Amino acid sequence: MPALIEAIEIKRKTFFEYDGAPYHCLDVEVSRPTARGGQTLVRIKMRNLITRAVFDRTFKAGEKFAEPDLAQVSATYLYADGGGFHFLDQASFETVTLPQDVVGEDRLLLVDNLPVQVLRYNGNPIGLQLPPIVEIAVADTEPAVRGDTASGGVTKLATLDTGLEIRVPLFIKAGETVKVHTETREFAGRA
């Protein structure tokens with residue numbers, strides 16, 4: 001029997017099952033009553049892992065949720081084609097394919113041989129977890145012009161090899177490799 005999680009125990013990045021579907025907690029806010037006899041409420045911003053839809057729901061603190069039958073499989077990104085995005089399962093050495101709608105905007109962070117976690121729900125691949133930081137080469141950026149810093153604009157737009165556009169410091173040139181935060185999609189330093 002799967003373990004039950006109370007609503008008050010749910011924290012950011014917790015996985016839980018609600019209405020027969022797996023969810024991922026994006027944010028949580030607990031409101032405690034000031035009057036006696038009031039209910040403690042838990043407001044959860046949650047993402048359905050199958051449909052990718054995001055909801056805000058309020059639950060009573062004592063409501064219970066089942067733990068979903070989720071497995072995280074270590075994999076490495078191989079390539080993308082018309083059939084989707086292909087990953088190599090590091091345990092079984094089988095190819096796992098995720099459709100384009102499941103990968104979504106994360107495709108802009110995928111580089112060859114990137115280690116990722118593929119989420120499986122009841123044995124079927126439904127999602128992807130990227131490492132906190134990814135290293136990607138800069139494909140194109142405008143050259144820095146002497147005196148640019150005086151105007152207050154200390155960053156410039158850069159297009160990375162994957163097509164992702166981010167703001168980088170003026171000293172970054174095309175051909176360099178930069179680190180990118182996968183959650184915020186912001187510059188994290190030189191590689």
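No hydrogens, no waters, no symmetry mates; every other heavy atom, side chains included, goes into these values. Note that the structure is predicted; figures quoted are calculated from it, not measured.
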Exercise. Treat each ILVMFWY residue as a node, draw an edge where side-chain heavy atoms are under 4.5 Å apart, and state whether Y121 and M46 are in one component.
Key: no

Exercise. Indicate if I10 and F15 have the same hydrophobic cluster label, given that clusters are the connected sets of ILVMFWY residues with side-chain heavy-atom separations under 4.5 angstrom.
Key: no

Practice problem: Verify the neighbour count for atom NZ of K156: are there more than 12 heavy atoms of other residues, nucleotides or ligands below 6.0 Å? | Solution: yes

Quiz item: Rounded to the nearest 0.5 Å, what separation is found between the CD1 atom of I166 and the CZ atom of R185?
Solution: 11.0 Å

Practice problem: Check whether any side-chain N or O of T177 sits under 3.5 Å from a backbone N or O of A137 as a donor-acceptor pair, and report yes or no. | Solution: no

Quiz item: How long is the gap from CG on L41 to CD on E63, to the nearest 0.5 Å?
Solution: 9.5 Å

Quiz item: CD1/I133 to CD/E186 distance, rounded to the nearest 0.5 angstrom?
Solution: 11.5 Å

Self-check item: Nearest-0.5 Å distance that lies between atom CG in L49 and atom CG in L128
Solution: 12.0 Å

Practice problem: Find the distance between OG1 (T51) and CD1 (I126) and round it off to the nearest 0.5 Å. | Solution: 10.0 Å

Quiz item: Counting distance only, does the side-chain N/O of S92 pair as donor-acceptor with the main-chain N or O of D89 below 3.5 Å?
Solution: no

Quiz prompt | More than 12 heavy atoms of other groups within 6.0 Å of R43 CZ | solution = no

Practice problem: I would like to know whether V178 and L160 meet side chain to side chain contact (heavy atoms under 4.5 Å, CB included); could you show each step before the answer? | Solution: CA-CA 9 Å; V178 295; L160 306 181; 3.9 Å; yes

Practice problem: Applying ring-ring contact (aromatic ring centres under 6.0 Å, His included), name anything that partners Y79, two or more places apart in sequence or on another chain. | Solution: H86

Quiz prompt | Atom pair OG1/CD of T14 and E67 - distance to nearest 0.5 Å | solution = 9.5 Å

Quiz item: Should the pair R107-E105 be classified as a salt bridge under the 4.0 Å nitrogen-to-oxygen rule?
Solution: yes

Quiz item: Is any NZ, NE, NH1 or NH2 atom of the basic residue among E29 and R12 found under 4.0 Å from an Asp or Glu carboxylate oxygen of the other?
Solution: no

Practice problem: Locate the shortest heavy-atom distance separating A61 from V42; write the atom from each residue and the value. | Solution: CA-CG2, 4.1 Å

Practice problem: Report whether L88 and V111 are members of the same hydrophobic cluster (ILVMFWY, side-chain heavy atoms less than 4.5 Å apart, transitive linking). | Solution: no

Self-check item: Aromatic ring proximity, centroids under 6.0 angstrom, F59 and Y18
Solution: yes

Quiz item: Short question: side chain of T40, backbone of K60 - any donor-acceptor pair under 3.5 Å?
Solution: no

Quiz item: Can you list the steps and then say if S74 with Q117 is a side chain to side chain contact (heavy atoms under 4.5 Å, CB included)?
Solution: CA-CA 5 Å; S74 294; Q117 296 290 320; 3.3 Å; yes

Quiz item: Same cluster or not: are L108 and L78 linked, directly or through other Ile, Leu, Val, Met, Phe, Trp or Tyr residues, by side-chain heavy atoms under 4.5 angstrom apart?
Solution: no

Quiz item: Would a distance-only check, ignoring hydrogens and angles, find a side-chain to backbone donor-acceptor pair under 3.5 Å from K173 to D140?
Solution: no

Quiz prompt | side chain to side chain contact (heavy atoms under 4.5 Å, CB included) evaluation trace for L26 with V54 | solution = CA-CA 9 Å; L26 302 174; V54 176; 3.9 Å; yes

Quiz prompt | Derivation of the side chain to side chain contact (heavy atoms under 4.5 Å, CB included) call for V73 and V96 | solution = CA-CA 10 Å; V73 178; V96 177; 5.7 Å; no

Quiz item: Do any N or O atoms from the side chain of R167 and from the backbone of T155 form a donor-acceptor pair under 3.5 angstrom?
Solution: yes

Quiz item: Side chain of T76, backbone of N113: donor and acceptor closer than 3.5 Å?
Solution: no

Quiz item: V28 and I8: same hydrophobic cluster, using ILVMFWY side-chain contacts below 4.5 Å?
Solution: yes

